[in-house]
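One structure below.
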Amino acid sequence: PLPSPPGHPTPMASFPSPSIVAAAAAAPPRLAPGLSLSAAAVHHSSHAFRPRASLALRPSATASPANPLRCSHRRAVTPRSRRRTQGLGAASASAAGILGEERDGCLSCFPRSRRRGRPGLARFAPCALPHTSGLSLHSRRSGPKTRRSHILRAAGPDEPHVASPTWSEAALDKPYDPTIRNEALEDVLDTPLPSHPKLIRGQLKNGLRYLILPNKVPADRFEAHMEVHVGSIDEEEDEQGIAHMIEHVAFLGSKKREKLLGTGARSNAYTDFHHTVFHIHSPTKTKEYGESLLPSVLDALNEIAFHPKFSSSRVEKERRAILSELQMMNTIEYRVDCQLLQHLHSENKLSNRFPIGLEEQILKWDPDKIRRFHERWYYPANATLYLVGEIDDIPRAVREIEAVFEHTLSGNEGAPMSTGSPFGAMASLFAPKLPGGLAASLTGERSPATDKLKPIKRERQAVRPPVEHKWSLPEVDQAAKPPVIFQHELIQSFSINMFCKIPVNQVRTYKDLRSVLMKRIFLSALHFRINTRYKSSNPPFTSVELDHSDSGREGCTVTTLTVTAEPQNWKSAIKVAVHEVRRLKEFGVTMGEMTRYMDALIKDSEQLAMMIDSVPSVDNLDFIMESDALGHTVMDQLQGHDSLLGVAETVTLEEVNTVGAEVLEFISDFGKPSAPLPAAIVACVPKKVHIDGVGESSFEICPEEITESMKAGLEEPIYPEPELEVPKELITQSELEDLKVQHRPSFVPFKEDDVVKVFDNETGITQRRLSNGISVNYKVL
């Protein structure tokens, strides 16, 4: 068990299912996130914990669950239509109970808080490639629902919307034909995806980048988010938690932000591995005089990000708040999440740079130490401003951005830094980790530049987060890791997570989108097969989930097979799961399955495209932020749907099975020399179990038993899935006519009166009753 949470759980978000592009990323996110491709089947409930947040590419009014490892001051209300918050942030609680100061809740610090509501559905409302990442079907048995923690994804995105054509002009000149040569098809698929037609991008002279997207929902309001590209991953050994501390001090110490409190604006902030975000949800105008609030909102964000006051009193106040948050989030769910993340990223700093930080270090920092970290990373060239909402006058908005931020020091000119160094000669060892210009000041060496206290040169990192991963690829030479077992007395059921980690495949062309679609079709089969095969039996597992999703906060794509079961059934559960995965990999999906899943995805995509004008601004913003972090092209819902239609007709069964099989090799070929090695295998198990007739007994398990169970399941004989013919109609038209003549159906009055039809003007729903007593409610669109 962890002595105390080394990191800090944050409500994580799923993303709005971005246009098809985002479909390929995953999670974010509320789909924030990339695209998460997942399949799952659940038959019993359990206290199992799931490590990754997947990006659900479906329309939804809720958002994905909060990321327990990201600090966020997000208000504990439901401003986002995607993820509803589940609890107040620690900052809010501590403010009310300890500091007596009104403030927004820090959702990222509170274990069960959520940035939004549901896991990802809402954020993905505007997506072209609907998907049910992380979907689990629970049995009707009584018991607690399975909790899935999304520690592996960025807090973030939902999906955006807008309009646009399917293929670009260049692509339309080369329409697809079944007889077209492969070379010609490749040329068409290599065409870049269309960009969001309403998204405006720009950059100030000092390096600050900005993005503006007009959006009508909610009316007369807008979102302003300042993303600073620094997070817990940028902290040194003695700075663990300092990025989160700065978020607290800068946000809650801003006087200009406080002036917005009476305007109807809401504000908050959160810290993650790769970035810190300050956001304000504001009316477009004041109620009294109808004056624009945009200048005041921008001014507040400028003060928060680039001109905070690190007073001793404010630092002490936030130190107490953070320590309080740290204690509240020290739950078993958080500890499990930490274990999963630590082993998945054991080769880099993601395993030990959780945003909440370390208590012993948080207690020591003085204002100067905190200020130096801020000076190192907080400058315009290392930040991006997002404006989404009712912004009709784009040129005016740009002028206001320039007026507020143009006087802030540029990315190449930072505040003078102290030349003294506590590291002495050892400072040179740390220089490569620091932004350009900082290393010299740490070494203690003096130069004409430092003597005159000239500003240091700082450059934004090209790769975020700046970590190196060990990929689960066949050609990567690395030693196999034995399964890891985490036992705790508060864990009640058995769960195991098998991880595979690969680089993010950026979705920028039709070929990239086509690959995403094929993976989605292939992985959809596992959920339906397991659900169909075991739903009427007594399966040994509680749930089997397969997730494939991108993570901007971690800079990688992770495939996860998660199996949960009652402790006494764990061996059989693993065998069944890996057996079904191998069967799917070896034989692939059938033509009927491909057709059904393709039709379902296109239908869902079409529904999402119809919602283009009803996506909340915050969902669009989150989606854009996550897509940019992953390097995906940002499309709106209509573009995503059109693009999906364009690539769908080029997909073949053979290609679907080839592409999908590669995703499953780390499990289906486990133990073979040519197979990619799992990034980690982590089992979370109880210490004690109840045995009928015996009582409480110690739960014994070892890594070798887990490996043996996996190999035993892979050795079971496998057979191809039989082709299933799904009838196009359940009853023929002639049979229907015969039944109508036989039963003479009709509408009858309601019992309480003689009214035959009741119409609700508010909802547009008509209520009627059939002669056999069945009530019918319908709405004419």
Side-chain angles (χ1 to χ4, degrees), residues 2 4-8 10 69-71 108 228-250 271-276 308 310 315 318-319 322-323 326 338 341-342 345-379 381-383 411 414-445 450 456-469 553-555:
L2 305 177
S4 71
H8 134 192
T10 293
L69 300 181
R70 182 196 75 188
C71 166
S108 52
V228 185
H229 303 283
V230 58
S232 59
I233 199 66
D234 301 295
E235 300 165 345
E236 296 300 334
E237 286 297 325
D238 63 338
E239 298 175 331
Q240 296 184 52
I242 202 167
H244 176 216
M245 171 69 83
I246 289 176
E247 173 223 309
H248 271 250
V249 174
T271 301
D272 208 336
F273 289 125
H274 65 311
H275 66 184
T276 301
F310 294 99
V315 169
E318 298 314 317
R319 194 195 314 273
I322 291 173
L323 293 175
L326 190 150
C338 289
L341 193 60
Q342 286 171 350
H345 298 299
S346 59
E347 73 276 16
N348 60 52
K349 289 168 66 175
L350 287 170
S351 63
N352 55 26
R353 284 297 187 275
F354 304 141
I356 191 64
L358 299 179
E359 180 177 2
E360 59 270 24
Q361 294 190 16
I362 296 171
L363 288 168
K364 296 178 181 178
W365 302 322
D366 58 22
D368 287 339
K369 174 80 170 179
I370 299 170
R371 184 183 297 108
R372 285 195 295 271
F373 187 88
H374 181 274
E375 291 172 346
R376 193 193 314 165
W377 295 105
Y378 279 71
Y379 52 92
N382 196 40
M417 300 285 291
S418 168
T419 57
S421 171
F423 300 104
M426 291 297 292
S428 60
L429 297 177
F430 298 92
K433 302 179 182 178
L434 303 175
L438 180 60
S441 69
L442 288 181
T443 60
E445 298 176 4
T450 54
I456 61 170
K457 181 177 181 179
R458 296 171 293 187
E459 299 177 355
R460 177 175 175 175
Q461 294 169 327
V463 178
R464 299 289 303 164
V467 298
E468 292 186 3
H469 294 282
R553 66 195 299 258
E554 298 167 75

Do Gln342 and Phe354 have side chains that approach each other closer than 4.5 Å (heavy atoms only, starting at C-beta)? yes
For the pair Glu347 and Glu468, evaluate side chain to side chain contact (heavy atoms under 4.5 Å, CB included) and give the outcome as yes or no after the intermediate values. CA-CA 8 Å; Glu347 73 276 16; Glu468 292 186 3; over 6 Å; no
Rounded to the nearest 0.5 Å, what separates atom OG in Ser346 from atom CG in Asn352? 10.5 Å
List for me each residue that meets ring pair (Phe, Tyr, Trp, His ring centres under 6.0 Å) alongside His229, sequence neighbours excluded, and say none if there are none. none
Non-hydrogen side-chain atoms of Arg553 and His275 separated by less than 4.5 Å: no
May I have the step-by-step check of side chain to side chain contact (heavy atoms under 4.5 Å, CB included) for Trp377 and Thr276, ending in yes or no? CA-CA 11 Å; Trp377 295 105; Thr276 301; over 6 Å; no
Could you pull out the closest heavy-atom pair between Arg464 and Ile233, with the gap in Å? NH2-CG2, 4.1 Å
Taking every non-hydrogen atom, the tightest pair across Ile242 and Ile370: CD1-CA, 3.9 Å
Report yes if the side chains of Ile322 and Glu359 come closer than 4.5 Å at any heavy-atom pair, otherwise no. no
Residues Ala243 and Ser232: closest non-hydrogen pair is CB-N, 4.1 Å
Search all heavy atoms of Ile246 against all heavy atoms of Phe373 and return the closest pair with its distance. CD1-CD2, 3.3 Å
Applying side chain to side chain contact (heavy atoms under 4.5 Å, CB included) to Glu239 and Met245, what does each step give before you reach the verdict? CA-CA 10 Å; Glu239 298 175 331; Met245 171 69 83; over 6 Å; no
Any non-hydrogen side-chain atom of His374 less than 4.5 Å from a side-chain atom of Pro308? yes
Tell me whether Asp238 is salt-bridged to Lys369, with the criterion being a basic N under 4.0 Å from an acidic carboxylate O. yes
List the steps, then state whether salt bridge (charged side-chain N to carboxylate O under 4.0 Å, His left out) holds for Asp366 with Arg319. CA-CA 10 Å; Asp366 58 22; Arg319 194 195 314 273; over 6 Å; no
Looking at Asp234 and Pro466, what are the two nearest heavy atoms and their distance? OD1-CG, 3.8 Å
Can you name the residues that form a salt bridge (charged side-chain N to carboxylate O under 4.0 Å, His left out) with Asp368, not counting sequence neighbours? Arg371
For residues Glu237 and Gln240, report the shortest heavy-atom separation together with the two atoms involved. O-NE2, 3.2 Å
Partners of Glu235 by salt bridge (charged side-chain N to carboxylate O under 4.0 Å, His left out), sequence neighbours excluded? none
